[in-house]
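Heads up: numbering here begins at 1 and tracks the sequence. Atoms within each ligand, like the ligands themselves, are counted from 1 in listed order.
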Amino acid sequence: MRKPTLSIIGFGAFGQFMAPHLTPHFQVFAWSRSNYQAEAENLYVNWCSIEEALQKQVIVLSTNISYFETLLKTYCKHINPQATVLDVASVKIKPIDLMLKYLPETCQIIGTHPLFGPQSGKNGIAGLNMVYCPVRVLPHTANCIKSFLADTLQLNVLERTPEQHDREMAYVQGLTHFVARALDKIDALDYPMKTKAYEHLLTVKNMLAGDSWDLFVSIENENPFAEKVRSDFMAKLNELEFELKKKSS
Ligand code: NAP
């Protein structure tokens with residue numbers, strides 16, 4: 001039996017990372033703004049035009065969130081009206097609103113957020129968390145996709161609304177990525193006398209500070225709840241500093 005067709009739109013760090021998990025189960029195609037034909041061929045992925053990519057049965061949007069609106073607005077006329085469209089963006093309210101706004105009403109829409117990436121998933125993805133937001137999807141398709149994620153890829157699927165997702169992620173990612181970037185900027189080094197707690201801090205820095213700047217900006221600026229978490233955090237840092245200075249004067 002022929003495998004179903006699936007396209008990855010946006011073949012950057014995450015698009016390339018997910019390809020080997022999908023090629024055993026789908027005929028995978030990819031398109032990106034830059035030319036990644038050689039990388040695609042190495043991963044047994046068919047490099048194609050965006051018009052061709054948008055004709056596949058399953059379409060996975062994996063571009064930076066800031067490009068979502070332009071992408072959907074420019075190319076929605078080429079989308080297979082029967083396609084199931086998923087995104088993998090690290091925030092959920094904005095891309096889902098945009099998919100609902102621009103995709104044909106006949107397309108099924110599922111928001112997802114894999115809570116792992118090229119670093120945290122480099123030794124395998126079984127057992128890792130994946131957020132699943134059913135937006136406009138028939139029960140049969142929802143069952144197939146959930147079963148693929150949970151049974152085939154062995155992910156721990158967490159069904160959430162886009163708002164639940166973004167509220168929690170403001171802490172889980174907004175705060176963590178913010179701290180990781182700051183640690184990177186102050187040169188927190190791998191000292192021989194390290195404690196376990198310090199080792200964890202270095203792990204946070206090493207896992208996250210190498211993500212693309214665009215991804216960092218999306219996690220912080222496209223999540224409507226992240227700014228409040230950051231400003232609460234910074235206010236508490238200032239309060240602690242004030243307390244320390246008061247005690248020592
Ligand atoms: P990213 O910097 O967020 O996105 C890179 C991708 O977006 C590339 O395919 C890039 O295309 C495309 N892109 C960016 N700006 C564009 C523009 N103006 N026009 C056209 N294409 C543009 O890095 P990423 O890590 O690959 O993330 C991709 C998606 O996966 C994002 O939605 C992110 O939130 C999500 N995600 C990432 C991770 C992770 O750990 N990396 C984990 C979970 C989910 P070109 O490379 O062709 O220029």
Engineer: Salt bridge check, Lys228 against Asp232: does any charged N sit closer than 4.0 Å to a carboxylate O?
Structural biologist: yes
Engineer: Hey, does the side chain of Gln108 reach the backbone of Leu138 with a donor-acceptor pair shorter than 3.5 angstrom?
Structural biologist: yes
Engineer: Test your reading of the model: is there a side-chain donor-acceptor pair from Gln16 to the backbone of Phe11, 3.5 Å cut-off?
Structural biologist: yes
Engineer: Working note: Glu227 + Arg230, criterion salt bridge (Lys or Arg N to Asp or Glu O under 4.0 Å); need CA distance, chi angles, decisive distance, verdict.
Structural biologist: CA-CA 5 Å; Glu227 187 180 353; Arg230 286 198 312 275; 5.1 Å; no
Engineer: Starting from atom 10 (C) of ligand 1, which protein heavy atom do you reach first, and at what distance in Å?
Structural biologist: Arg33 NH2, 4.3 Å
Engineer: Spell out, as yes or no, whether a donor-acceptor pair under 3.5 Å connects the side chain of Asp87 to the backbone of Leu61.
Structural biologist: no
Engineer: For Trp213 and ligand 1, answer yes if some heavy atom of the residue is under 4.0 Å from a ligand atom, otherwise no.
Structural biologist: no
Engineer: Look only at interatomic distance and state if Asp211 has a nitrogen or oxygen under 3.5 Å from any nitrogen or oxygen of ligand 1.
Structural biologist: no
Engineer: Parallel, tilted or perpendicular: which fits the ring planes of Phe14 and Phe116, with parallel below 30° and perpendicular above 60°?
Structural biologist: tilted
Engineer: For atom 40 (O) of ligand 1, what's the nearest protein heavy-atom neighbour? Residue, atom name and distance, please.
Structural biologist: Gly117 CA, 3.3 Å
Engineer: Out of curiosity, is Tyr36 lining ligand 1, as in a heavy atom under 4.0 Å away?
Structural biologist: yes
Engineer: Closest non-hydrogen protein atom to atom 29 (C) of ligand 1, residue and atom name please, with distance?
Structural biologist: Ser62 O, 3.6 Å
Engineer: Which ligand 1 atoms, with their elements, are less than 4.0 angstrom from a heavy-atom of Ala89?
Structural biologist: 32 (O), 34 (O)
Engineer: Is any side-chain N of the basic residue among Glu105 and Arg136 closer than 4.0 Å to the acidic one's carboxylate O?
Structural biologist: no
Engineer: List ligand 1 atoms under 4.0 Å from Gly12, heavy atoms only on the residue side.
Structural biologist: 8 (C), 9 (O), 26 (O)
Engineer: Suppose we measure from atom 33 (C) of ligand 1 to each protein heavy atom; which comes out shortest, and what is that distance?
Structural biologist: Leu215 CD1, 3.4 Å
Engineer: Tell me the protein heavy atom at minimum distance from atom 35 (C) of ligand 1, and give that distance in Å.
Structural biologist: Val88 O, 3.4 Å
Engineer: Give yes or no for whether the N/O distance cutoff of 3.5 Å, strictly under, is met between Phe68 and ligand 1.
Structural biologist: no
Engineer: Please say whether more than 12 non-hydrogen atoms of neighbouring residues, nucleotides or ligands are located less than 6.0 Å from OH in Tyr198.
Structural biologist: yes
Engineer: State yes or no: do Val131 and Val91 share one hydrophobic cluster built from I, L, V, M, F, W and Y residues joined by side-chain heavy-atom distances below 4.5 Å, directly or via other members?
Structural biologist: no
Engineer: Sub-3.5 Å donor-acceptor pair from the side chain of Lys3 to the main-chain atoms of Thr23, do we have one?
Structural biologist: yes
Engineer: Does ligand 1 have a heavy atom under 4.0 Å from the side chain of Ser212, from its backbone, from both, or from neither?
Structural biologist: side chain
Engineer: For Pro81, does its backbone N or O pair with a side-chain atom of Thr106 as donor and acceptor, under 3.5 Å?
Structural biologist: yes
Engineer: If the cut-off is 4.0 Å to any non-hydrogen atom of Asp214, which atoms of ligand 1 fall inside it?
Structural biologist: 2 (O)
Engineer: I need the nearest protein heavy-atom contact for atom 34 (O) of ligand 1: residue, atom name and distance, please.
Structural biologist: Ser90 OG, 2.6 Å
Engineer: Suppose we measure from atom 11 (O) of ligand 1 to each protein heavy atom; which comes out shortest, and what is that distance?
Structural biologist: Ser32 OG, 3.5 Å
Engineer: Does any N or O of ligand 1 fall below 3.5 Å from an N or O anywhere on Ala13, backbone included?
Structural biologist: yes
Engineer: Tell me whether ligand 1 is touched by Pro118 - counting only heavy atoms on the residue side and a distance under 4.0 Å.
Structural biologist: yes
Engineer: State whether the shortest distance between N or O atoms of Asn64 and N or O atoms of ligand 1 falls below 3.5 angstrom.
Structural biologist: yes
Engineer: Would you mind checking if Asp190 and Lys194 are paired as a salt bridge, meaning a charged N to carboxylate O distance below 4.0 Å?
Structural biologist: yes
Engineer: What atoms of ligand 1 come within less than 4.0 Å of a heavy atom belonging to Phe116?
Structural biologist: 42 (C), 43 (C)
Engineer: Would you mind checking which non-hydrogen protein atom is closest to atom 32 (O) of ligand 1, with the distance to 0.1 Å?
Structural biologist: Thr63 O, 3.1 Å
Engineer: Judging by distance only, is a nitrogen or oxygen of Phe14 under 3.5 angstrom from one on ligand 1?
Structural biologist: yes
Engineer: So, does Asn46 use its side chain to make a donor-acceptor pair with the main chain of Val28 at under 3.5 Å?
Structural biologist: yes
